[in-house]
There are 2 protein chains.
Amino acid sequence: MKKDDTPTSGSTQRVTSHDVSREAGVSQSAVSRAFTPGAHISPETRRRVLDAARKLGYQPNAIARSLVTQRSGIVALIVGDLHNPFYPQALSQFAQALEARGKRALLLTHDARRDVQDTLDAASRYQIEAAIVFPTRLNNTPPNLGDVARGGVPVLLFNRHLPGQRLLSVACDNHAGGQLAAEVLLETGARRLAFIGGDPETSTHQDRLHGFMARLQQAGLAPVAAPSGAFQYDWGVQATLDLYAEGDGPDAIFGANDIVAIGVLDALRQLGRRVPQDVSVIGFDDIQESARLAYRLTTIRQPLGAMIEDALLALEDPQPSDEPRLHQGELIWRDTVRGAR
Amino acid sequence: MKKDDTPTSGSTQRVTSHDVSREAGVSQSAVSRAFTPGAHISPETRRRVLDAARKLGYQPNAIARSLVTQRSGIVALIVGDLHNPFYPQALSQFAQALEARGKRALLLTHDARRDVQDTLDAASRYQIEAAIVFPTRLNNTPPNLGDVARGGVPVLLFNRHLPGQRLLSVACDNHAGGQLAAEVLLETGARRLAFIGGDPETSTHQDRLHGFMARLQQAGLAPVAAPSGAFQYDWGVQATLDLYAEGDGPDAIFGANDIVAIGVLDALRQLGRRVPQDVSVIGFDDIQESARLAYRLTTIRQPLGAMIEDALLALEDPQPSDEPRLHQGELIWRDTVRGAR
DNA sequence: CTGAAAGCGCTTACAG
DNA sequence: CTGAAAGCGCTTACAG
């Protein structure tokens with residue numbers, strides 16, 4: 001019965017402001033004004049427009065509006081792979097925070113084989129107002145990233161910074177966090193401390209490591225080991241197994257992030273080492289998994305909400321700087337460090 | 001030195017096709033053609049345009065293009081909260097698959113207190129070509145959801161269906177999955193089986209439960225318990241604790257999804273019940289966490305990649321139907337069901 | 001193959 | 001407060 005050339009078949013004409021103006025008996029300008037907050041329009045006209053709009057199911061065309069206002073209201077969120085659950089969480093919170101400001105999030109993926117610049121170019125075609133890049137496994141941030149900022153679109157690196165580039169970046173104070181981890185471990189009696197790193201090319205890895213080492217040095221100590229690999233579970237497991245393959249092994253381990261630390265915990269369990277009696281473990285991030293009864297990981301929480309608010313604030317009046325905007329992590333005591341208060 | 005009214009200060013004029021045409025000494029139409037695959041343009045002209053474009057850093061304005069072609073290339077991805085790690089994974093894979101097709105993903109969040117319709121309206125302003133809704137904790141999908149489909153924009157529910165509504169939906173065959181779970185448990189000797197559900201309002205919960213019950217009935221059995229709650233870890237823990245508070249408790253548990261099943265596992269560990277010797281546990285989804293050494297959860301994997309491809313295929317020629325497009329889950333044997341092959 | 005021109009659906013001075 | 005008109009940056013018939 002229903003043939004494909006009936007008007008019902010999806011080809012419904014979009015309703016425009018002209019249709020509404022005709023219905024309401026006003027000019028097209030008037031319907032535009034009715035949908036523009038703060039525009040000069042009488043309550044009566046406004047009501048008539050809104051009624052007509054509702055009747056016709058009219059929604060203003062944001063694309064057309066963007067073209068004339070030169071403001072798309074779109075912010076690009078550029079993500080790598082989402083294996084670290086810390087990022088999806090940040091992602092959805094960003095999207096929400098953006099919506100609260102009347103903006104929209106365009107989600108773009110970036111795979112490590114390609115240049116971020118390509119992704120940014122693709123995004124810039126949509127006249128994005130800003131780009132936020134999540135650096136999951138993103139090592140090869142190209143040296144010309146700053147060009148985009150010069151092109152008028154501010155770029156913000158979330159949770160990573162690129163030394164020597166004038167870019168916006170918001171991050172946790174990873175150096176201080178590394179020190180804090182060392183502090184906690186030292187204070188609870190550890191003497192043979194190890195750091196199990198993530199991707200050594202990243203600032204997160206480096207800063208946490210350096211902070212950790214600095215604090216150890218104050219105590220006249222050096223880490224018994226500090227292997228690096230990737231911010232991944234399997235790596236945490238493997239590195240731990242290797243660490244205890246010979247000799248006593250460390251009596252405390254700082255995992256570069258929670259995913260790694262959880263790998264550490266699972267490896268220790270497999271090895272029959274008790275946590276925290278035989279070895280203390282501390283992580284970084286405070287992802288959901290860390291609170292599971294099977295882990296109860298003591299960790300340093302990144303203040304995600306504050307970091308996101310600050311990122312959006314920074315984007316409003318972009319002042320690229322060599323220095324990232326830093327936020328202090330918060331120690332979350334759970335059960336993997338001995339002598340917890 | 002650098003004062004704020006210098007031309008460098010962010011106010012860089014966007015470069016348009018007119019600028020490029022001037023630079024290349026051709027018409028504006030020509031530059032448009034140079035960027036339109038398949039357009040009639042001589043290689044020579046094309047090269048000159050592309051050179052000029054590169055020199056000026058030109059990127060075609062996708063917003064303007066959308067306005068005239070009536071195709072935005074934008075697909076809305078509507079997500080609830082992202083607590084279940086199954087969804088972020090789906091999200092990033094969708095974004096990638098969309099990009100492979102030259103489309104872009106607009107990320108919108110939806111909180112349970114508001115009407116999905118509002119979110120869809122907001123999205124429709126961006127002239128989206130389709131909307132994919134992820135039903136995390138989305139119970140109150142309104143009865144008028146189909147209206148959007150009538151408005152010309154196809155809406156697809158991912159991993160959930162709404163009985164009685166003519167909508168697109170792609171889901172795992174949860175009924176068959178529930179049967180499979182029962183089958184596995186029965187075959188490995190379980191006799192006192194329990195189902196720990198998720199949100200009882202959802203089709204995922206209901207279908208898995210019904211499939212499970214149907215298979216038990218074939219064996220002349222009924223579940224010893226089938227409480228429902230939420231697709232959350234804490235609920236899995238609590239429900240399990242309650243289940244063993246008195247009497248023998250079940251010798252096998254089917255968790256409505258992996259997050260719940262992981263809660264079950266942690267609760268059993270706390271209770272001192274051995275898995276799988278004392279009780280078998282099986283989940284649904286196969287999220288990353290399930291493969292951790294601490295869990296090694298036997299589960300039914302949703303064929304995410306195939307489901308995503310199928311969703312995108314369905315959207316190309318939308319044929320709303322009462323029936324969801326179903327995909328079979330795959331049993332992943334790990335260590336939480338006794339007598340694993 | 002190429003260019004001039006109309007038009008996509010809005011916003012926003014400009015007059016009234 | 002209101003309407004007519006120009007214009008945002010493109011694509012795409014239409015002639016040549």
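These values consider heavy atoms only, across backbone and side chains, with no hydrogens, waters or symmetry-generated copies. Below, chains carry the letters A, B, ... as their sequence lines are ordered, and counting in each starts from 1.
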A.B. asks: Mind calculating the distance between CD1 (I41(B)) and C1' (dT2(C)) to the nearest angstrom?
C.D. replies: 9 Å

A.B. asks: Hey, does the side chain of Q70(A) come within less than 4.0 Å of dG9(D)'s phosphate (OP1/OP2), counting only N and O?
C.D. replies: yes

A.B. asks: Output all residues satisfying side-chain hydrogen bond (donor to acceptor under 3.5 Å, both in side chains) with T69(B), sequence neighbours left out; order by chain, then residue number.
C.D. replies: none

A.B. asks: If you round to the nearest 0.5 Å, how far is NE2 of H161(B) from OG1 of T204(B)?
C.D. replies: 8.5 Å

A.B. asks: Return the value, rounded to whole Å, for the distance between atom OH of Y126(A) and atom C1' of dC10(D).
C.D. replies: 13 Å

A.B. asks: L67(B) CG to dG9(D) P: how many Å, rounded?
C.D. replies: 12 Å

A.B. asks: Under 3.5 Å, is there a donor-acceptor pair between the side chain of R104(B) and the main chain of I74(B)?
C.D. replies: no

A.B. asks: Tell me: CZ of R71(B) to C1' of dG9(C), nearest whole Å?
C.D. replies: 18 Å

A.B. asks: In chain order, what residues pass the side-chain hydrogen bond (donor to acceptor under 3.5 Å, both in side chains) check against N159(A), with sequence neighbours excluded?
C.D. replies: Y87(A)

A.B. asks: Expected output is a numbered-order residue list: members of residues 54-61 of chain A with a heavy atom under 4.0 Å from any atom of DNA chain C. What is it?
C.D. replies: Y58(A), N61(A)

A.B. asks: My understanding is that only residues two or more places apart in sequence, or in another chain, count here; which of them pass salt bridge (charged side-chain N to carboxylate O under 4.0 Å, His left out) with E129(B)?
C.D. replies: R71(B), K103(B)

A.B. asks: If I take atom CD1 in residue I63(B) and atom C1' in nucleotide dT11(C), what distance separates them, rounded to the nearest angstrom?
C.D. replies: 15 Å

A.B. asks: Partners of E316(B) by side-chain contact (heavy atoms from CB on, under 4.5 Å), sequence neighbours excluded?
C.D. replies: R101(B), L313(B)

A.B. asks: Considering every strand and a 4.0 Å limit on heavy-atom distances, what is the contact class for S66(B): base, sugar-phosphate, or nothing?
C.D. replies: nothing

A.B. asks: How would you list, by chain and number, every residue that makes a side-chain hydrogen bond (donor to acceptor under 3.5 Å, both in side chains) with S66(A), sequence neighbours excluded?
C.D. replies: none

A.B. asks: May I have all residue pairs that pass side-chain hydrogen bond (donor to acceptor under 3.5 Å, both in side chains) and include part of residues 25-36 of chain B, sequence neighbours excluded?
C.D. replies: S17(B)-Q28(B)

A.B. asks: Using the salt bridge (charged side-chain N to carboxylate O under 4.0 Å, His left out) criterion, which residues pair with R48(B)? Sequence neighbours excluded.
C.D. replies: none

A.B. asks: Just N and O in the side chain of S27(B): are any of them under 4.0 Å from OP1 or OP2 of dA4(C)?
C.D. replies: no

A.B. asks: Hey, does the side chain of S42(B) come within less than 4.0 Å of dC1(C)'s phosphate (OP1/OP2), counting only N and O?
C.D. replies: no

A.B. asks: To the nearest Å, how far apart are H18(B) NE2 and dC8(D) P?
C.D. replies: 9 Å

A.B. asks: Can you identify which nucleotide, out of dT2(C), dG7(D), dA4(D), has its nearest atom closest to the V68(A) side chain?
C.D. replies: dG7(D)

A.B. asks: Taking salt bridge (charged side-chain N to carboxylate O under 4.0 Å, His left out) as the definition, give me every residue that meets it alongside R125(A), ordered by chain and number, with sequence neighbours left out.
C.D. replies: none

A.B. asks: List the residues meeting side-chain hydrogen bond (donor to acceptor under 3.5 Å, both in side chains) with E44(A), not counting sequence neighbours, and say none if there are none.
C.D. replies: R47(A)

A.B. asks: Under a 4.0 Å heavy-atom cut-off, which of residues 28-40 of chain B touch DNA chain D?
C.D. replies: Q28(B), S29(B), S32(B), R33(B)

A.B. asks: In this structure, how many angstroms lie between the P atom of dC1(C) and the CZ atom of R47(B), rounded?
C.D. replies: 17 Å

A.B. asks: Give a yes-or-no answer on whether the side chains of N61(A) and Q59(A) include a donor-acceptor pair shorter than 3.5 Å.
C.D. replies: no

A.B. asks: Reading DNA chain D 5' to 3', what string of ( ), [ ], | and . shows its pairs, if Watson-Crick and G-U wobble pairs count only when both distances fall under 3.5 Å?
C.D. replies: |||.||||||||.|||

